[in-house]
Amino acid sequence: MKYLCLVYAEEASLHSLPDSPEDDECQAYADSLAESGHMLGGEPLEPVSSAVTVRVRDGKTSVTDGPFAETKEQLTGFYLVDARDLNEAIRIAENIPPARVGSIEVRPVRELQVNGEG
């Protein structure tokens, strides 16, 4: 089953705390997940200041700067993994290096049912 592990951290302090991971540590963990067959995809994200939010209401599109909500922690990256079940996905998530300074939200990926398939 696919799980999305969303990495949240305070962007301003993500790389300055004593337990902050370095990029090479995150890459090494992603590589180990790939070697074990768990890694399906993942990327770090650019700073939240580069984000925009798109909404469509009554047929009109609005684009606003920044994330969709004001929060203390920002979405900083994601890992898309293949895990046997939620428990295995949690074991994978607890080893994602930024978990030491932020949080990892683990969510099952729902398969879309198109034309009655799936």
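Just so we're clear, the structure is a prediction, and the values are computed from it rather than from any experiment. Residues: numbered from 1 along the sequence shown.
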For this session: Using a cut-off of 6.0 Å, state whether more than 12 heavy atoms not belonging to D85 lie near its atom CG.
Result: yes
Problem set entry | Verify same cluster id: F78, V101 (apolar side-chain graph, 4.5 Å) | no
For this session: Can you measure from OG (S13) to CD (E73) and round to the nearest 0.5 angstrom?
Result: 8.5 Å
Exercise. Can you check side chain to side chain contact (heavy atoms under 4.5 Å, CB included) on V81 and C5, steps first, answer last?
Worked result: CA-CA 8 Å; V81 300; C5 299; 4.1 Å; yes
For this session: Evaluate the side-chain proximity of E94 to I104: yes if any heavy-atom separation is below 4.5 Å, no if none is.
Result: no
For this session: To the nearest 0.5 Å, tell me how far L80 CG sits from L33 CG.
Result: 11.0 Å
Problem set entry | R100, CZ atom: more than 12 neighbouring heavy atoms under 6.0 Å | yes
Exercise. Is L45 reachable from L4 through a run of hydrophobic residues whose side-chain heavy atoms are each under 4.5 Å from the next?
Worked result: yes
Exercise. Do side-chain atoms of Y79 reach the backbone of M39 as a donor and acceptor pair under 3.5 angstrom?
Worked result: no
Exercise. Quick one: does M1's side chain get under 4.5 Å of E88's, heavy atoms only?
Worked result: no
Seminar exercise, completed: Scanning both residues in full, the closest heavy-atom pair of T53 with R55 reads CG2-NH1, 3.5 Å
Exercise. Is V52 close to D65 at the side-chain level, that is, under 4.5 Å between some pair of heavy atoms?
Worked result: yes
Exercise. What distance do E105 atom CD and Y3 atom OH have between them, rounded to the nearest 0.5 Å?
Worked result: 13.5 Å
Exercise. I92 and D82: which non-hydrogen atoms are nearest, and at how many Å?
Worked result: CD1-O, 4.4 Å
For this session: State whether the side chain of Q74 and the backbone N or O of V48 hold a donor-acceptor pair below 3.5 Å, judged by distance alone.
Result: no
Exercise. For the hydrophobic clusters of this structure (ILVMFWY residues joined by side-chain heavy atoms under 4.5 Å, transitively), does one cluster hold both V109 and I96?
Worked result: no
Exercise. Distance from C26 atom SG to D31 atom CG, nearest 0.5 Å?
Worked result: 11.0 Å
Problem set entry | V7 backbone acceptor or donor facing T76 side chain under 3.5 Å | yes
For this session: Indicate yes or no for a side-chain donor-acceptor contact from S20 to the backbone of L14 under 3.5 Å, with no hydrogens or angles considered.
Result: yes
Exercise. Can you tell me how far CD of E22 sits from CD of Q27, rounded to the nearest 0.5 angstrom?
Worked result: 13.5 Å
